[in-house]
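Since we're looking at a predicted model, the values are computed, not measured. Just so you know, these numbers use all the heavy atoms, side chains as well, and skip hydrogens, waters and symmetry mates.
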Amino acid sequence: MTKTLRKSALRGLWIALMAACLTACSNDDDALLQETNFTSYRIKGYDNAKTTIDEATHTVTVTLPTSVASGKDLVPEFTVSDGAQASINRVVQKSGTGALDFSDVVLYTVSNADYSVKTRWRVVVTNNDYTARYGMGNFLTASWSNNGTAPGGFYMQQQHTGPYSDVNCGPACANMALKWREPSYTGTVEDARNTAVHSEIDGSTWWYPRDVYNFLQRNGVDAYYWDFSRASYGDFVTTTCDLLEEGNLCIVCLNNGNISEQTALDKEYHTGRYYTGGVGHFILIKGYRVVNGVTWLECHDPWGVDLKYSDGSYYGANRYYLASEVATTIDWNYWTVVVPGK
């Protein structure tokens with residue numbers, strides 16, 4: 001090969017390599033420039049529903065009217081970034097075709113054609129502004145709360161309430177009930193404990209439902225018992241909800257190990273037990289919610305352990321426990337202390 005031909009061949013090889021490099025760089029640039037976002041999202045038939053698309057958290061929230069009682073069989077209509085596709089479990093989704101179940105969060109992947117560039121998106125379709133955030137589900141169909149009129153509410157935790165703090169769940173619930181009844185009441189949980197340092201039942205430091213009842217009676221509250229010794233779990237839930245709707249609070253003692261522990265990473269969830277369980281424990285029931293057909297009881301759990309949400313409220317305040325799990329109180333004792341409103 002002559003020197004001229006060798007130079008020509010080398011020049012051709014160099015040009016080919018540069019072309020390949022430029023093509024590869026161009027493909028890389030295209031991939032880097034590929035956006036993988038939802039640009040619009042709605043539910044077919046609900047054009048006026050509020051939709052929020054948060055690209056920072058990759059979350060779409062659609063709030064439907066409260067009259068929509070179920071997340072099943074809803075058809076999404078959406079658009080995505082140019083050149084992108086939306087899939088669920090690698091099945092490409094087509095806008096406006098095919099119904100999905102939005103009872104809970106739906107997870108999408110928005111990607112390019114070969115999934116080499118992709119973003120995980122959460123889509124929440126709900127009929128209210130809090131049950132999904134709280135970890136209860138998306139579609140609220142019934143609710144009741146007896147919140148009282150005390151400024152700032154009436155929740156009290158049992159921590160830091162004197163030498164019997166660890167067993168002051170009974171005095172704490174009794175004191176909360178009194179505060180609910182009498183918003184001007186300023187007594188503390190420790191004050192309640194000091195009215196009966198030892199149980200009037202057996203002399204122990206653990207209060208029984210009768211001690212709670214006696215404390216309320218001494219303070220002018222016409223509390224009474226509901227004996228559920230012959231009730232089923234279903235009877236307990238139905239009767240408790242009826243008592244709440246009549247304007248009462250209910251104080252029960254149960255094995256808190258029967259309440260499912262909340263293990264989600266989202267610390268803003270308001271559902272499930274947030275501490276180690278397995279002992280007898282009083283809670284105060286003040287309301288209920290029915291979400292996705294499941295009943296939750298709205299409780300003040302005095303075992304606050306100083307844990308607070310980002311808004312400054314205690315984990316134990318307005319905590320939602322599955323009614324079917326709270327109903328296991330019937331396996332622990334036979335009495336609910338019913339606290340009537342004024």
Participant: How long is the gap from OG1 on Thr141 to CG on Asn127, to the nearest 0.5 Å?
Facilitator: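 The distance works out to 8.0 Å.
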Participant: Determine, using ring centers only, whether Trp121 and Phe38 are less than 6.0 Å apart.
Facilitator: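 Between Phe38 and Trp121, the centre distance is under 6.0 Å.
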Participant: Hey, what do you get for SG (Cys253) to CH2 (Trp335), rounding to the nearest 0.5 Å?
Facilitator: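 Those atoms lie 14.5 Å apart.
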Participant: Looking at residues at least two apart in the chain, or sitting in another chain, which of them share a side chain to side chain donor-acceptor pair (under 3.5 Å) with Asn168?
Facilitator: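 In terms of side chain to side chain donor-acceptor pair (under 3.5 Å), with neighbours along the sequence ignored, Asn168 is linked to Thr161, Arg193.
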Participant: Return the minimal non-hydrogen interatomic distance between Arg42 and Asp47, and the atom names on each side.
Facilitator: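 So the two residues come closest at NH1-OD1, 3.5 Å.
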Participant: Would Met156 and Ile251 show up in the same hydrophobic cluster when neighbours are defined by side-chain heavy atoms closer than 4.5 Å?
Facilitator: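 Yes; tracing contacts between hydrophobic side chains, which count when under 4.5 Å, links both residues.
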Participant: Under a 3.5 Å cutoff, is there a donor and acceptor pairing between the side chains of Asp331 and Tyr233?
Facilitator: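 Checked: Asp331/Tyr233 side chains pair up, N/O donor to acceptor below 3.5 Å.
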Participant: Below 30° counts as parallel, above 60° as perpendicular, anything between as tilted: where do the rings of Tyr225 and Tyr213 land?
Facilitator: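 Ring orientation, 0 to 90° scale: parallel.
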Participant: Tell me yes or no: between the side chains of Tyr288 and Glu245, is some donor less than 3.5 Å from an acceptor?
Facilitator: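 Distance-only check passes for Tyr288 and Glu245.
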Participant: Compute whether any side-chain donor of one residue and acceptor of the other, for Tyr275 and Asp301, lie under 3.5 angstrom apart.
Facilitator: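 Yes - a donor-acceptor pair under 3.5 Å links their side chains.
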Participant: Within the supplied structure, the quantity of interest is the number of heavy atoms (other residues, nucleotides, ligands) at a distance under 6.0 Å from Arg218 CZ; does it exceed 12?
Facilitator: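 It does: Arg218 CZ has more than 12 such atoms within range.
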Participant: For residues Asp202 and Tyr208, is any side-chain donor paired with an opposing acceptor at under 3.5 Å?
Facilitator: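 There is such a pair between these side chains.
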Participant: Shortest non-hydrogen contact from Thr295 to Cys241?
Facilitator: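 Smallest interatomic distance, heavy atoms only, reads CG2-SG, 4.2 Å.
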Participant: To check you understand the geometry: which heavy-atom pair defines the closest contact between Thr39 and Ser81, and what is its length?
Facilitator: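 Between these two residues, the closest heavy atoms are CG2-N, 4.0 Å.
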Participant: Would Thr109 and Ser111 count as having a side-chain donor-acceptor pair, cut-off 3.5 Å?
Facilitator: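 The answer is no; no qualifying pair exists.
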Participant: Counting neighbours of CG on Asn89 that are heavy atoms of other residues, nucleotides or ligands and sit closer than 6.0 Å, is the number greater than 12?
Facilitator: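 Counting neighbours around CG of Asn89, 12 or fewer heavy atoms of other residues, nucleotides or ligands fall under 6.0 Å, so no.
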Participant: Is it true that Ser40 and Thr79 share a donor-acceptor pair across their side chains at a distance under 3.5 Å?
Facilitator: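 Yes, side-chain donor-acceptor contact under 3.5 Å.
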Participant: Can you tell me how far apart CZ (Arg122) and CG (Asp104) are? Round to the nearest 0.5 Å.
Facilitator: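 The CG atom of Asp104 is 9.0 Å from CZ of Arg122, to the nearest 0.5 Å.
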Participant: Establish, from distance only, whether the side-chain atoms of Ser103 and Asn292 form a donor-acceptor pair under 3.5 Å.
Facilitator: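 Result is no, nothing qualifies.
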Participant: Checking side-chain polar atoms at under 3.5 Å, does Asp235 have a donor or acceptor matched by the opposite partner on Ser232?
Facilitator: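 Yes, side-chain donor-acceptor contact under 3.5 Å.
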Participant: Aromatic ring centroids of Tyr309 and Tyr315 under 6.0 Å?
Facilitator: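 Centroid separation for Tyr309 and Tyr315: below 6.0 Å.
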